[in-house]
Amino acid sequence: MLDRLSVPMVKSAKGMRGYYAGEPFDPDAAEFTVTTLWNDLDSIKAFAGENWNRAVIPPDEVPLIAESYIHHYRIFSSG
């Protein structure tokens, strides 16, 4: 469902530069991660709204997620 709802939603957001979605190698682990790259904090706020420090989860995915965590970081250099 992540590929059908969350990824297209994030990919189409203005100011979004890229994303990485992944899951553990352990098939018994019931978790996944999504890392997104944005132009700036204003782009994140435009996408996520007033509660920009909370995960944006499509309504159809909410029942599938037991808990979520979100952290925003500033990148100092790349490479």
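If you read the sequence from its start, that first residue is 1, and numbering goes on from there. Worth knowing before you read on, the calculation uses all heavy atoms, side chains too, and leaves out hydrogens, waters and symmetry mates.
Not counting sequence neighbours, the partners of Glu67 by the side-chain hydrogen bond (donor to acceptor under 3.5 Å, both in side chains) test are Tyr69. Partners of Ala55 according to the side chain to side chain contact (heavy atoms under 4.5 Å, CB included) rule, which considers only residues two or more places apart in sequence or in another chain, are Ile57, Ser68. In this view, Asp40 and Ser43 satisfy the side-chain hydrogen bond (donor to acceptor under 3.5 Å, both in side chains) rule, not counting sequence neighbours. Residues passing the side chain to side chain contact (heavy atoms under 4.5 Å, CB included) test with Asp26 are Asp28, Ala29, sequence neighbours excluded.
For Ile75 against Leu37, the heavy-atom pair with the smallest separation is CD1-CD2, 4.1 Å.
Under the 4.5 Å side-chain heavy-atom criterion for ILVMFWY residues, no single connected hydrophobic cluster contains both Val10 and Ile70.
Applying the ring-ring contact (aromatic ring centres under 6.0 Å, His included) rule to pairs touching residues 41-68 yields Trp38-Phe47, Trp52-His72, sequence neighbours excluded.
We find the NZ-CG distance between Lys45 and Asn53 to be 9.5 Å, quoted to the nearest 0.5 Å.
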Run the side-chain donor-acceptor check on residues 11-20: report pairs under 3.5 Å with partners two or more places apart or on a different chain.
| residue | atom | partner | partner atom | Å |
| --- | --- | --- | --- | --- |
| Ser12 | OG | Pro8 | O | 3.2 |
| Ser12 | OG | Met9 | O | 3.1 |

